[in-house]
Amino acid sequence: MKIKFTKDLRGRILNQDIVPTNITLEEAIQRLKNLGYDITKLSAYAKRVCDSYKLNRILGKLRDVDEEKSKILIRENILNLYGDDIGDNCLNVYLVAYCVNKYPELSVISAVKKIFEEEEIRKAPHQIRTIVTTGLSDGVFLNIIEPNGKVIDVSFINKWTYVRLDNVFNEIILRTEDDVVNRNRFLIYDNIIKEKIDFQTNVEEGIIKKQKKTRLVYEIKGTNEKIALKYLKKRLDLEFSIKYANRNCVMRELFSIIENISCLGEFTIFRFDFKNFFESVDARKIYNNYIEDTNLKRFEKNLLKQLTELYNYCYAGLPTSNAFVEIIASRFDLILKSKFRDKGLCFYARYVDDGILVFNEFVKKIYIQELLDETIEEVFNMPRVRLNMSKTCYLTKCDGDSKFDYLGYQFVKNGRGNKTSFQFGIADSKIEKYQNKIDCIFKAYIKDNNIELLRHRLLYFISRSVFYTNTNSRFLSLGKWDVNGVIENYCLLRKYMKNTRKLIPNTKVFLCNSIHDKCLRNGLSGKRKPYFLRGDGAQIYSIAHGLEKNKTIIFHPNIGWDAEYLKAQILKLDSSIDLRQKSYRELSKIYYHILEL
């Protein structure tokens with residue numbers, strides 16, 4: 001049987017420094033036996049050896065067996081160790097076998113020395129001797145290798161190097177870009193498939209306030225639990241072919257319809273919203289009715305069932321909640337559209353709990369509401385799932401409400417009948433949020449008096465910020481673009497900047513004047529006013545200018561700010577930061593951290 005050696009032993013990499021304790025496993029076990037297997041009475045060095053093999057997990061069994069059976073128990077225990085659980089003394093056995101296998105023509109000491117030289121790890125002669133002595137001794141004691149380092153038990157070595165990793169799980173691990181998580185990926189996956197996940201202890205309830213409302217949100221504390229939930233969410237996405245709505249795509253289509261809707265003889269717009277949606281959808285029913293009979297693996301179903309028994313509803317903060325909601329809501333979408341198919345439905349969209357219906361004919365409000373309630377009852381059959389009537393809007397060509405908000409945008413209807421037209425803008429609640437952010441920027445400047453930091457914060461605020469997630473990442477071979485910023489969120493208003501009569505007045509004032517007005521309201525007028533907000537050049541520092549020019553900061557060394565320019569910007573803001581040996585990604589994070597309030 002051929003041996004499949006690898007430098008990565010279950011997350012412990014052989015090019016890392018290895019410092020074993022100079023006590024053999026056989027000696028440590030004898031001392032443990034003499035102390036009645038009371039591991040707390042061992043010396044610190046002997047404890048380190050025992051911990052390296054995680055003997056504490058099998059102490060009860062070791063006490064009751066002879067030496068040969070104890071070796072079998074230890075070998076079995078080794079095959080249950082992953083990542084950081086594999087201590088240096090334990091890893092040392094594999095290192096010696098690996099070196100001898102790679103350089104069979106060399107002595108054991110020379111083979112180990114050569115590996116460290118290749119990996120540019122400096123080791124003194126006595127350290128090499130300790131590695132060889134303990135590695136050989138422990139390997140011989142466990143009947144894994146011969147005294148010359150050659151492998152006796154090929155089957156054991158192949159079992160030791162064999163690991164199970166799912167492609168979906170591996171993708172989740174890589175996207176964490178975390179060294180510790182990456183090193184322990186085999187251990188985490190082993191815990192997941194053995195269902196050693198504690199959703200009860202490592203998930204905490206919290207409350208967040210958002211726009212004068214409080215929301216129940218759960219925070220995942222444990223690393224195993226975070227990875228497990230992300231993995232389960234991705235598996236649900238694949239199993240049910242879930243496609244999450246894209247806000248920009250939805251709004252582009254809606255804008256196109258609203259811009260031309262007045263040409264229709266009749267039209268009806270109905271905007272609806274579910275009340276406390278995530279806290280209303282029963283996760284147990286979704287598991288029982290949709291998930292239990294799928295092709296998901298048994299351990300995946302068991303973990304999902306455990307989760308739903310602990311947390312009955314699809315609470316925010318649990319990654320699986322998004323998938324659970326979409327599983328049932330996608331059926332709601334299909335049935336609702338079928339019910340309105342003969343009523344001239346020309347556009348329907350639902351973005352999580354926000355929905356909108358557009359008809360090319362007149363449809364009574366009560367009829368729409370009744371069919372919505374009927375579909376909710378038919379699909380969800382959950383007493384807490386219902387419409388939020390305070391957010392319902394109904395517009396027709398001749399009557400109804402005069403405006404509606406959808407996904408952060410606002411649409412205002414002017415006139416009626418054949419004189420109907422629409423103006424477009426940003427929802428009042430979103431404008432208030434951004435106004436508060438600008439206010440915080442100026443208040444911070446008054447406090448720290450750092451004018452260059454103020455200028456950078458304002459420039460960043462009025463620009464699209466573009467990040468490439470895989471820049472200089474050693475984890476990911478593929479990346480994606482992340483685009484953020486107020487002008488990105490409301491990019492569909494750009495075409496109205498030259499013909500502002502299509503803009504809602506409140507939005508126009510916000511885009512053109514908000515930064516100037518907040519500057520004055522914070523007492524920064526006359527000589528106190530920042531130099532770059534004076535004179536003709538001040539208009540450059542407005543959201544309107546950023547939106548019209550599509551002002552963009554690209555964090556990518558080849559097509560945006562290069563590393564040297566990014567370093568220069570950071571040092572302008574804080575000259576005390578040591579930027580030596582920082583990757584481009586680390587530099588980007590430092591810059592963003594400085595700007596963050």
Is it the case that [X] and [Y] place a side-chain donor and acceptor less than 3.5 Å from each other?
X	Y	answer
Tyr584	His556	no
Ser110	Ser107	yes
Arg48	Thr21	yes
Tyr231	Glu300	yes

Hey, does [Y] have a side-chain heavy atom less than 4.5 Å from the side chain of [X]?
X	Y	result
Ile39	Leu59	yes
Thr320	Cys314	no
Ile131	Pro20	yes
Thr223	Asn184	no
Tyr244	Tyr351	no
Leu142	Phe156	no
Asn143	Glu68	yes
Val352	Asn322	no

Under 6.0 Å from the ring centre and within 45 degrees of the ring axis: does the NZ or CZ of [X] meet both conditions for the six-membered ring of [Y]?
X	Y	value
Lys123	Phe116	yes
Arg10	Phe186	no
Lys71	Phe141	yes
Arg384	Tyr313	yes

Please round to the nearest 0.5 Å and tell me the distance separating atom [atom1] of [X] and atom [atom2] of [Y].
X	Y	atom1	atom2	value
Gln569	Leu595	CD	CG	10.0 Å
Ile23	Ser52	CD1	OG	12.0 Å
Tyr445	Leu453	OH	CG	10.5 Å
Tyr592	Ser588	OH	OG	12.5 Å

Specify the closest pair of heavy atoms between [X] and [Y], including all atoms of both residues, with the distance to one decimal.
X	Y	value
Ile115	Cys99	CG1-SG, 3.3 Å
Val108	Leu136	CG1-CD1, 4.3 Å
Arg457	Ile441	CB-CG2, 4.1 Å
Gly139	Val93	CA-CG1, 3.7 Å
Ala28	Leu42	O-CD2, 4.5 Å

Ignoring hydrogens and angles, tell me if any N or O in the side chain of [X] forms a donor-acceptor pair with the backbone of [Y] under 3.5 Å.
X	Y	result
Asn312	Arg284	no
Thr130	His126	yes
Asn89	Val49	no
Lys301	Thr294	yes
Arg57	Lys54	no
Asn289	Lys285	yes
Ser321	Tyr315	yes
Tyr311	Phe199	yes
Glu586	Ser583	yes
Thr201	Asp198	no

Item to check | Worked verdict on Leu318 versus Val203 for side-chain contact (heavy atoms from CB on, under 4.5 Å) | outcome: CA-CA 9 Å; Leu318 302 175; Val203 178; 3.9 Å; yes

Checklist entry - When you look at Asn484 and Val466, which way does the side-chain contact (heavy atoms from CB on, under 4.5 Å) test go after all the steps? => result CA-CA 7 Å; Asn484 303 298; Val466 181; over 6 Å; no

Item to check | Tyr287 vs Leu307, side-chain contact (heavy atoms from CB on, under 4.5 Å): CA-CA, chis, key distance, verdict | outcome: CA-CA 10 Å; Tyr287 177 81; Leu307 183 70; over 6 Å; no

Qualifying salt bridge (Lys or Arg N to Asp or Glu O under 4.0 Å) pairs, either residue in [range], two or more places apart:
range	result
residues 552-577	Glu564-Lys567
residues 129-139	none
residues 146-160	Arg75-Asp153
residues 99-116	Lys102-Glu118

Electrostatic pair [X]-[Y], nearest N-O below 4.0 angstrom:
X	Y	value
Glu219	Lys221	yes
Lys243	Glu326	no
Arg12	Asp88	yes

Checklist entry - Can you tell which of Arg235, Lys233, Lys234 makes a side-chain hydrogen bond (donor to acceptor under 3.5 Å, both in side chains) with Asp237? => result Lys233

Checklist entry - Taking the inter-plane angle between the rings of Phe467 and Phe555 on a 0 to 90° scale, is it parallel (under 30°), tilted (30 to 60°) or perpendicular (over 60°)? => result parallel

Next on the checklist: Please evaluate residues Phe324 and Tyr290 with respect to the criterion ring pair (Phe, Tyr, Trp, His ring centres under 6.0 Å), reporting the C-alpha separation (whole Å), side-chain torsions for both, the decisive distance (0.1 Å), and the verdict.
Outcome noted: CA-CA 9 Å; Phe324 271 58; Tyr290 295 90; 9.7 Å; no

Next on the checklist: Aromatic contact between Tyr189 and Phe169, with the criterion being ring centroids under 6.0 Å apart: yes or no?
Outcome noted: yes

Next on the checklist: Quick check on side-chain contact (heavy atoms from CB on, under 4.5 Å): which of Asn224, Leu229, Leu232 does Ile197 satisfy it with?
Outcome noted: Asn224

Item to check | Test side chain to side chain donor-acceptor pair (under 3.5 Å) applied to Glu27 and Thr24, step by step | outcome: CA-CA 5 Å; Glu27 288 177 301; Thr24 67; 3.1 Å; yes

Checklist entry - Mind checking what makes side-chain contact (heavy atoms from CB on, under 4.5 Å) contact with Lys194, not counting sequence neighbours? => result Asn80, Asp190, Lys196

Next on the checklist: Under the rule for side-chain contact (heavy atoms from CB on, under 4.5 Å), what residues qualify as partners of Gln30, not counting sequence neighbours?
Outcome noted: Lys33, Asn34

Item to check | side-chain contact (heavy atoms from CB on, under 4.5 Å) between Ile29 and Ile74, worked out | outcome: CA-CA 11 Å; Ile29 291 174; Ile74 294 169; 3.4 Å; yes

